[in-house]
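Note sheet for the following structure.
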Amino acid sequence: DAKKKFTTAGLQHIRYRIFTAEGCIGDTTKQISISPDPQAVFTAGTPVCASDSVLVTDNSGISSGSIINWKYDFGDLNTLVRTMGTPFHHKYINPGSFTISLVTVSDKGCISDTARQPVLITAKPAAPFSLNGSYCAGSPIQFVSGFPPTPNTSWYWDFGDLQTFSSTTTNTATHIYTVAQNNITVKHMVEVAGCKSDTSTSLIQAIYPVPVAAFSIQKDTVCENRPVQFSSALTGITAWQWNFGNGTGSSAPPFTRTY
């Protein structure tokens, strides 16, 4: 018996000769057809988040004949045999580095070499956030993402007043609402190495107008040791700070003061 591996597809001629002890020679030639091996080629979308799906697109080919089987190994203990080369998705449950392998089989039973492609599955980040500051028009409010500063990370903010902000260096943002308004929905998202978090939201019920200090006294000219009445038409004021020229106070009007 003899074996030979043909490196080129197509018609091949095999010559077989036999020599006897008496010097006789038998000679015959046969023609065989060598079918080509398929070429396994594919792409896999990356990077993606855990529990998201990777798009696998086949680009395999063969010079003659057809491919009838695509055998995938996804590197996560899951395999798949397909009978068509259309794009499909595979879901990775856990984060990590995986290698997808593909072997194709032709209608003649010829098997391709193994094609491989690594994929990186990133843990999906969470993006809670907090805010603090004065909820008055013109006052700064600081927003702090719960996802700490990390390389290859972007923080996105939508302040709900048609203003946005993004950063690749800090997980904080400062914003000033210039006018009073109600029911503002702030949105926040984080992206790490191409993997995006779900969008977190927080409702600011109101940005309040800045009060205008205004008051009146009973008379512009008063006498010593006579009480002067202070009044104000302002409403909704929670704290008062007075400077009387000879002292200070925090009383809510109306009240009297004697000079």
Side-chain angles (χ1 to χ4, degrees), residues 49-50 122-259:
C49 304
T122 305
K124 193 170 187 175
F129 67 96
S130 60
L131 58 161
N132 58 80
S134 175
Y135 297 106
C136 297
S139 297
I141 297 177
Q142 185 180 54
F143 300 83
V144 181
S145 174
F147 195 89
T150 307
N152 301 318
T153 301
S154 297
W155 293 264
Y156 299 94
W157 302 91
D158 182 333
F159 300 110
D161 60 350
L162 303 181
Q163 301 298 313
T164 60
F165 174 74
S166 64
S167 174
T168 58
T169 58
T170 177
N171 68 331
T172 66
T174 300
H175 184 64
I176 296 175
Y177 294 93
T178 58
V179 296
Q181 50 195 299
N182 297 319
N183 298 323
I184 305 166
T185 299
V186 181
K187 300 177 182 179
H188 175 51
M189 185 191 73
V190 173
E191 182 175 353
V192 182
C195 183
K196 297 179 180 179
S197 71
D198 293 331
T199 300
S200 299
T201 62
S202 181
L203 179 66
I204 298 177
Q205 294 184 344
I207 296 294
Y208 299 100
V210 177
V212 177
F215 68 96
S216 61
I217 57 178
Q218 192 174 31
K219 293 181 180 180
D220 290 337
T221 302
V222 297
C223 299
E224 291 180 307
N225 300 314
R226 296 282 301 272
V228 179
Q229 180 169 307
F230 290 78
S231 302
S232 177
L234 297 178
T235 60
I237 306 301
T238 59
W240 299 79
Q241 295 180 351
W242 298 89
N243 187 332
F244 300 107
N246 67 345
T248 59
S250 59
S251 299
F255 62 89
T256 59
R257 181 178 177 86
T258 300
Y259 286 88

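When reading the values below, keep in mind they use all heavy atoms of this one structure, side chains included, and skip hydrogens, waters and symmetry mates.
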Exercise for the section: May I ask you to test the I141-I207 pair for a side-chain heavy-atom distance under 4.5 Å? Expected result: yes

Problem - Euclidean distance, S200 OG relative to F147 CZ, rounded to 0.5 Å - result: 12.0 Å

Exercise for the section: Find the distance between CZ (F129) and OG1 (T172) and round it off to the nearest 0.5 Å. Expected result: 13.5 Å

Fill in the blank from the handout: Tightest non-hydrogen contact, residues S139 and S134, listed as CB-O, 3.6 Å

Handout entry: From Q163 atom CD to F165 atom CZ, the distance as rounded to the nearest 0.5 Å
Key = 12.5 Å

Exercise for the section: Under the side-chain contact (heavy atoms from CB on, under 4.5 Å) rule, what do C49 and T122 come out as? Steps first, then yes or no, please. Expected result: CA-CA 5 Å; C49 304; T122 305; 5.5 Å; no

Handout entry: Where G249 and F244 come nearest, the two heavy atoms and their spacing
Key = N-CE1, 3.8 Å

Handout entry: N/O donor-acceptor pair under 3.5 Å between T150 side chain and T153 backbone
Key = no

Practice task
Please tell me if the side chains of S166 and S154 come closer than 4.5 Å, counting only heavy atoms from C-beta onward.
Solution key: no

Handout entry: Check against side-chain contact (heavy atoms from CB on, under 4.5 Å), Q142 and N132
Key = CA-CA 6 Å; Q142 185 180 54; N132 58 80; 4.1 Å; yes

Exercise for the section: Please say whether more than 12 non-hydrogen atoms of neighbouring residues, nucleotides or ligands are located less than 6.0 Å from OH in Y208. Expected result: no

Problem - Listed partners of I176 passing side-chain contact (heavy atoms from CB on, under 4.5 Å), at least two apart - result: P140

Practice task
Determine the minimum heavy-atom distance between K196 and K124, stating which atoms define it.
Solution key: O-CE, 3.4 Å

Handout entry: Note, F255 side chain near W242 side chain (heavy atom, < 4.5 Å)
Key = yes

Handout entry: Heavy-atom donor-acceptor pair, S232 side chain to A214 backbone, under 3.5 Å
Key = yes

Exercise for the section: Considering non-hydrogen atoms only, spot the tightest contact between S202 and L131 and give its length. Expected result: OG-CD2, 3.7 Å

Problem - Donor-acceptor under 3.5 Å (N171 side chain, S145 main chain) - result: yes

Problem - Other residues, nucleotides, ligands: >12 heavy atoms within 6.0 Å of F215 CZ - result: no

Practice task
Please report the shortest heavy-atom distance between T258 and R226, naming the atom on each side.
Solution key: CG2-N, 3.7 Å

Contacts under 3.5 angstrom, residues 178-187 side chains, donor-acceptor by atom type, not counting sequence neighbours:
unit_1 : atom_1 : unit_2 : atom_2 : d
Q181   : NE2    : V179   : O      : 3.3

Handout entry: Residues V190, Y156; criterion side-chain contact (heavy atoms from CB on, under 4.5 Å); working and verdict
Key = CA-CA 6 Å; V190 173; Y156 299 94; over 6 Å; no

Exercise for the section: Give a yes or no answer on whether the side chain of W155 reaches the backbone of T169 with a donor-acceptor pair at less than 3.5 Å. Expected result: no

Problem - Which residues share a ring-ring contact (aromatic ring centres under 6.0 Å, His included) with F159, sequence neighbours left out - result: F143, H175

Exercise for the section: State, with a plain yes or no, whether a side-chain heavy atom of T256 is found less than 4.5 Å away from one of Q229. Expected result: yes

Exercise for the section: Please name the pair of heavy atoms, one in A127 and one in H188, separated by the smallest distance, quoted to 0.1 Å. Expected result: O-CD2, 3.5 Å

